[in-house]
2 protein chains.
Amino acid sequence: MNSQAIKAAPKRKTREEILGLSADLFARHGYDGVSMRDVAAAVGLTQAALYYHFSDKDQLYLDAVAYDFREKDDALKDMLASNSTPWVRLERFVAGLAQMMVTDRDFLRLLHWVLLDSDEVRQSTLAKDVFGGMFVAVYDLAHELDPNRDAHLLAMSIFGLVIFHFQAGAIRKFMPGYSPSQDNPEVLARHICDLLRWSLTSPSGDAH
Amino acid sequence: MNSQAIKAAPKRKTREEILGLSADLFARHGYDGVSMRDVAAAVGLTQAALYYHFSDKDQLYLDAVAYDFREKDDALKDMLASNSTPWVRLERFVAGLAQMMVTDRDFLRLLHWVLLDSDEVRQSTLAKDVFGGMFVAVYDLAHELDPNRDAHLLAMSIFGLVIFHFQAGAIRKFMPGYSPSQDNPEVLARHICDLLRWSLTSPSGDAH
DNA sequence: GTCTATATAAGGATAGAC
DNA sequence: GTCTATCCTTATATAGAC
């Protein structure tokens with residue numbers, strides 16, 4: 001009925017189960033905050049078994065992050081790929097990204113840890129594997145929105161506007177002007193798109 | 001001749017030395033990534049001595065972060081306080097914040113860890129002690145820039161535009177359109193202020 | 001593939017001398 | 001105020017049985 005029939009890929013599942021569960025843990029507590037014991041307990045194995053699947057903790061971490069981001073990356077790229085106008089695609093992407101931040105808290109958390117990682121090799125690997133495709137899509141969109149601006153900076157700004165809002169989510173609540181409605185992805189998306197739109201479509205902006 | 005000679009403020013220095021040095025360590029490696037042994041070694045004391053000054057690791061961390069941010073908070077508020085026009089103050093603040101991100105890498109790192117902290121109590125404490133004043137200043141500025149927008153969201157966006165750029169600094173280098181000049185605080189500040197300015201001053205922005 | 005058992009290091013924290 | 005010495009827990013990783 002299904003692919004590998006009964007016998008061909010018998011235990012490949014364990015590896016993916018480890019990846020999924022450890023990604024959750026790393027998202028919540030970071031590399032140093034998660035022990036191999038924690039992972040083993042979550043999966044329902046002993047510590048030693050993990051070393052059958054992964055050479056060491058570093059490798060497990062790297063694979064887990066890549067595993068977790070892959071699917072989100074695909075979803076986000078889908079939001080950008082269509083033949084609507086650039087502004088419609090932007091609106092959909094921003095709302096979709098914001099929604100994703102709300103729906104899956106771990107997405108933001110894991111992203112956070114990745115950005116924070118001080119290991120250069122891990123970062124370059126993840127940058128390409130995980131963010132490369134998504135960034136390029138937004139980068140192209142940025143160029144469409146305003147060919148006269150630095151598309152790289154503009155793309156970064158788009159990400160920053162959405163992501164930072166949620167990064168600061170926990171402390172935002174203690175700041176003046178806070179309203180729970182701001183946690184609504186639609187409200188945020190509206191704010192951001194307005195901010196960009198009345199900027200980028202600016203008619204006769206003069207010298208600068 | 002040295003130390004104890006004066007008598008007035010004999011050993012208060014040690015505590016501050018611990019705070020300064022441990023702040024560096026926490027900035028670089030986070031709470032879990034720093035051991036009391038690490039701190040002790042950096043300061044030149046033994047582990048046990050730390051427990052004379054701080055009840056436990058949590059308290060040391062909390063005090064160290066607050067200690068480190070206090071001075072930056074003051075500097076940033078100064079940039080916002082003047083009687084120039086709002087746009088001039090914005091430009092100065094953005095450039096100043098960006099410069100600070102470049103000059104003191106630990107500032108960003110520590111901020112990062114604070115945002116990530118999963119401990120609610122620690123977060124509310126730090127939110128008020130550390131960011132409260134700075135946020136209010138930007139919040140007020142945001143209201144001046146455009147009284148018709150949600151000042152809270154706008155203030156957050158201003159922070160996000162600057163901060164995220166540097167958060168993503170390490171992976172940005174692997175993305176298309178990257179240029180070293182974008183690491184220049186002046187260039188970034190120009191980009192951000194343009195983005196906001198041609199937006200917020202938008203003349204006849206119609207319905208939305 | 002997964003287990004038990006264990007080696008070995010590093011972690012937070014305390015007691016008591018000075 | 002700081003030290004030495006130590007306790008106890010937790011950590012990564014391996015060896016070898018099943």
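Just so it is clear, the model here is predicted, and its values are computed rather than measured. Order of the sequence lines sets the chain letters (A, B, ...), proteins ahead of strands, with each chain counted from 1.
Taking side-chain N and O atoms only, Ser35(B) has no distance below 4.0 Å to OP1 or OP2 of dA10(C). A close approach under 4.0 Å does occur between a side-chain nitrogen or oxygen of Thr14(B) and OP1 or OP2 of dT2(D). Contact annotation: Thr46(A) side-chain N/O to dT4(C) OP1/OP2 distance is not under 4.0 Å.
Regarding Tyr52(A), its OH atom lies at a distance of 14 Å from the C1' atom of dC3(C), rounded to whole Å. With rounding to whole Å, Asp32(A) atom CG is found 17 Å from dT10(D) atom P. Atom P of nucleotide dT4(D) and atom CD of Gln47(B) are separated by 12 Å, given to the nearest angstrom. Put simply, CD on Gln59(B) is 16 Å from P on dG12(C), counting in whole angstrom units. dC3(D) atom P lies 15 Å from atom OH of Tyr51(B), rounded to whole Å. If you take CD1 of Ile18(A) and P of dG1(C), they are 11 Å apart, rounded to a whole angstrom. Protein atom CG of Asp38(B) is 8 Å distant from nucleotide atom P of dG12(C), rounded to whole Å. Counting to the nearest Å, the P atom of dA13(D) and the CG atom of Leu60(A) are 10 Å from each other.
Taking the charged nitrogens against the carboxylate oxygens, Asp106(B) and Arg109(B) do have a contact shorter than 4.0 Å, which makes a salt bridge. At a threshold of 4.0 Å, the pair Asp194(A)-Arg190(A) counts as salt-bridged, since one of the basic side-chain nitrogens sits closer than that to a carboxylate oxygen.
Side-chain proximity of Arg37(B) to the nucleotides dC3(C), dT12(D), dG12(C) is greatest for dG12(C). Which of dG12(C), dC3(C), dC3(D) sits closest to the side chain of Met36(B) comes down to dG12(C). Ranking dA5(C), dT2(C), dC3(D) by closeness to the Ala48(A) side chain, first place goes to dA5(C).
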Please walk me through it: do Gln167(B) and Gln167(A) pass side-chain contact (heavy atoms from CB on, under 4.5 Å)? CA-CA 11 Å; Gln167(B) 287 183 321; Gln167(A) 286 182 322; 2.8 Å; yes
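Side-chain atoms of Arg172(A) and His165(A) form a donor-acceptor pair, as typed in the model, at a separation below 3.5 Å.
A search for side-chain hydrogen bond (donor to acceptor under 3.5 Å, both in side chains) contacts involving Ser181(B) returns Ser179(B), not counting sequence neighbours.
Contacts of Val34(A) with the nucleic acid, taken as non-hydrogen atoms under 4.0 Å apart, involve only primed sugar atoms and P, OP1 or OP2.
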